[in-house]
Amino acid sequence: MRRWCGDLTLNDVGEDVRLLGWVHRIRDHGGLVFVDLRDRSGLVQLVVDRSSLDASTPEVGELKPEYVVEVMGTVRRRPESGVNPKLKTGWIEVAPRSIRVLSRSRPLPIPVADPEAHPDEALRFRYRYLDLRRPEVLAKLVFRHRAAKVIRDFFDEEGFLEVETPMLTRSTPEGARDFLVPARHSPGCFYALPQSPQLFKQILMVGGIEKYFQLARCLRDEDVRADRQVEHTQIDVEMSFATPADVQDVMERLMCRLFAELLDVHLTLPFPRITYDEAMRRYGTDKPDLRIGLELLDLTPACRDCGVRFLEQAASAPDTGVVGLRLPGGAGISRSEYDRLEGRAKELGARGLSWVAWSSSGIRSSFGRHLREEAARTLLGVAGAQMGDAVLLLAGRWPVVRQVMGQLRLKVAALLDLVEEGWRFVWVTDFPLAEFDEETRRYEAMHHPFTAPHPEDRHLLATDVGRVRAWAYDLVLNGVELGSGSVRNHTRSQQEEVFRALGMSVEEQERRFGFLLEALEYGAPPHAGIAIGFDRLLMLMTGSANMREVMAFPKTGTGACLLTGAPSEVEPEQLEELGIRLAPRAIRDPEAGESHRPAPET
RNA sequence: GGAGGCGUAGUGUAGUCGGUUGAACAUACCUGCCUGUCACGCAGGAGAUCGCGGGUUCGAGUCCCGUCGCCUCCGCCA
């Protein structure tokens, strides 16, 4: 019977055990050799007395790191002086009777046994199987598994059905770019990989499933970020006859359960709610980080007669203003730090960044003499600043200055160490249904076009879609958008109304979503749902700086898999079969570099 | 599509206002020694076309141009 290395304890002393695992580290003292043996459960120390090892077993000196071995031996108590309290199994050791090598290993391209090592991420991708052996990497996959188990148990207990939806589906050109898959039986036609199972889960509601969930793979051909991958997993949920409060209640209890079981953290329910408008006004973002106490200030009235021309101008024009942010202890911020903040502000679309600081040596500011002393005092007073504080100011068009200051709020909070510990969930509600896209010069759905309008605003759909609130809600944790959901249009007429308000012609509606509109004519129940980014949630729960850390096989910023070399060119015969000919610009120059393909064996 | 950072033995880094350095250090690797180590220790050894291509120069890891890869950010992400 095989035993796990990491599970052996003093209770096993005297037991004869069979261990299977990898050679983690070897400490060869000549006559006595210590070998740390590792399996999924952890480490145990083998002690080999060269003089007493069975003659039929290979010389222990043959062992190298990452060899796979079978060990038969006896568990024994370590001598008092040999106890290692840093190790879970530090009170015992195994005296092998035999060690059999099951598999050898070449010298390692990246270290496995060094917890301090931080090999280049490209190498970690390429040798992911070695990277996965590192206990800290494995621990995140174990965490992920346990989270998935809690989620499935929870939804099962709540009466939900897990239903799988297709990976080969229909392209819906708005929203994210689709990954396309050529269809052999229909030359010139393509499937799309799902950006989300949105339409299928609504169809499931029409199909009478009533309560659906899925750990759904979603694929979007967009550029990656630290918290975004081309492939990700969503906790996808849809409920018939449900109000937003019903959906929120279920998700709150799920979060509660996950945090309790995995982190022993006990969340307070219900989570606070904030409207989109209020979030934008107070935090300059639709995903406020409530761990930060600072809020944006409207300094427009205080700037009307301050002596600084551009502030006065911004304060008097109709759609511009001055937004401020008090920085507790900000008087100590260096000029170069302000320059960095201003650089960030400009990158985000602001014209510049101003500041007023009040220290024991007086008031100084980025305005020099232009800002009258009295006006400076007024500004500091309105902002509620104390001596030692500073105030940031941004002047310009309203939505822009709020959003930029919202980003600066995050920057300075990190800089001044003003981010409190904890898990601050918040529901953001009453999003606009549509927003004006400057590029296409028309309104587009902010969430997706199946979202129902807020019942109080439905009458505005035809006349003023920009003012219609969506019946939608986002779940935000510590400033990260975990997911969003909404009540859906469940009648054909209401869905058509929304499509029309978004400028979609009847022909287009019919062509792209005819099957949905038709389904809504056959007794579609009212329904609402939500989708939570599973990887993002795990990233936060495990304190990972990057989503790749919680995925077994993540992709690079260009969507490449460095392990397998995907994407790759294909055989001409494959293209021929699909009726596809490459455009000249798509034909790779063999000289141009084989960059992300694994190099041949040397 | 744009901005920035990084790329030097297997790995992680130093060297980067051009030259007296023979490209250094740690670790891993190889050889030897060692019976209580646990990031074992000690002694010795081998290992680098300084990402790739071009250019400037008497001379380039170092400067310039291009290119590839990874990371972060902007755009993008219904």
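Here is the naming used below: chain letters follow the sequence lines, and residue numbers restart at 1 for every chain.
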For G2(B) versus U67(B), give the span between their P atoms, rounded off to a whole number of Å. 10 Å

Do S486(A) and W471(A) have side-chain heavy atoms sitting under 4.5 Å apart? no

Rounded to whole angstrom, note down the C1' distance from G12(B) over to G47(B). 16 Å

Under the side-chain contact (heavy atoms from CB on, under 4.5 Å) test, which residues partner D277(A), sequence neighbours left out? T275(A)

Is the base of C70(B) touched by the side chain of R548(A) through a donor-acceptor pair closer than 3.5 angstrom? no

Would you mind telling me which residue lines up with the more 5' stretch of RNA chain B, R225(A) or D28(A), judged by nearest nucleotide? D28(A)

Do any N or O atoms of the protein come closer than 3.5 Å to N or O atoms of nucleotides 12-17 of chain B, and which pairs are they?
from   : atom 1 : to      : atom 2 : distance (Å)
G12(B) : OP1    : D120(A) : N      : 2.4

Looking at residues at least two apart in the chain, or sitting in another chain, which of them share a side chain to side chain donor-acceptor pair (under 3.5 Å) with D286(A)? none

Rounding to the closest angstrom, what is the interatomic distance between C6(B) and C30(B) at atom C1'? 32 Å

Suppose you measure atom P in U31(B) against the same atom in G59(B); what distance do you get, rounded to whole Å? 44 Å

Please give the distance between the C1' atoms of C40(B) and A3(B) as a whole number of Å. 48 Å

Distance-only donor-acceptor test (3.5 Å): side chain R228(A), base C77(B): yes

Looking across every strand, which nucleic acid part, if any, lies under 4.0 Å from A117(A) by heavy atom: base, sugar-phosphate, or nothing? nothing

Across every strand shown, the nucleotide meeting Watson-Crick or G-U wobble geometry with C38(B) (both distances under 3.5 Å) is none

Within the sub-3.5 Å range, which N or O atoms of nucleotides 37-39 of chain B have a protein N or O partner, and how far apart are they?
from   : atom 1 : to     : atom 2 : distance (Å)
U37(B) : O4'    : H29(A) : NE2    : 3.4
U37(B) : O2'    : H29(A) : NE2    : 3.4
U37(B) : O2     : R27(A) : NE     : 2.6
U37(B) : O2     : R27(A) : NH2    : 3.2
U37(B) : O2     : Q45(A) : OE1    : 3.3
U37(B) : N3     : Q45(A) : OE1    : 2.8
U37(B) : N3     : Q45(A) : NE2    : 3.1
U37(B) : O4     : Q45(A) : NE2    : 2.9
U37(B) : O4     : R78(A) : NH1    : 3.2
U37(B) : O4     : G82(A) : O      : 3.3
C38(B) : O4'    : R27(A) : NE     : 3.0
C38(B) : O2     : Q45(A) : OE1    : 3.4
C38(B) : O2     : N84(A) : ND2    : 3.3
C38(B) : N3     : R78(A) : NH1    : 2.7
C38(B) : N4     : R78(A) : NH1    : 3.3
C38(B) : N4     : G82(A) : O      : 2.5
A39(B) : OP1    : K86(A) : NZ     : 3.3

Does C70(B) have its OP1 or OP2 closer than 4.0 Å to a side-chain nitrogen or oxygen of R126(A)? no

Taking the C1' atom in each of C52(B) and U13(B), what is the distance between them to the nearest angstrom? 22 Å

Going by purine N1 to pyrimidine N3 plus the second Watson-Crick contact, or the G-U wobble pair, all under 3.5 Å, which nucleotide sits opposite A46(B)? none

Check: V412(A) and L325(A) side chains under 4.5 Å, non-hydrogen atoms: yes

For A176(A) and E347(A), take the nucleotide of RNA chain B holding the closest heavy atom to each; which residue's nucleotide lies nearer the 5' end? E347(A)

Of the listed nucleotides (C73(B), G10(B), C74(B)), which one gets closest to any side-chain atom of A226(A)? C73(B)

With a 4.0 Å heavy-atom cut-off, tell me which residues in residues 480-489 of chain A come close to RNA chain B, sorted by residue number. none

So which nucleotide does G66(B) pair with, by the Watson-Crick or G-U wobble rule with both distances under 3.5 Å? C52(B)

Please name the nucleotide paired to A14(B) by Watson-Crick or G-U wobble geometry with both distances under 3.5 Å, or report none. none

In this structure, CZ of F499(A) is separated from CD of E508(A) (nearest 0.5 Å) by 9.0 Å

If the plane angle is over 60° it's perpendicular, under 30° parallel, otherwise tilted; pick one for Y127(A) and Y129(A). perpendicular

Report, one pair per line, the protein and nucleotides 46-50 of chain B atoms (nitrogen or oxygen only) whose separation is under 3.5 Å.
none

Watson-Crick or G-U counterpart of G19(B), or none if no pair lies under 3.5 Å: C58(B)

To the nearest angstrom, how far is E62(A) atom CD from C30(B) atom C1'? 14 Å

Say we look at G10(B) and U49(B): how far apart would their P atoms be, to the nearest angstrom? 7 Å

Scan every strand shown for a Watson-Crick or G-U wobble partner of G4(B), both distances under 3.5 Å, and answer none if you come up empty. C71(B)

Near-ring test F534(A)/H232(A), centroid separation under 6.0 angstrom: no

Could you measure between the two P atoms, the one in U57(B) and the one in C64(B), and give it in whole Å? 16 Å

With distance as the sole criterion, is a donor-acceptor pair present between the side chains of K140(A) and S544(A) under 3.5 Å? yes

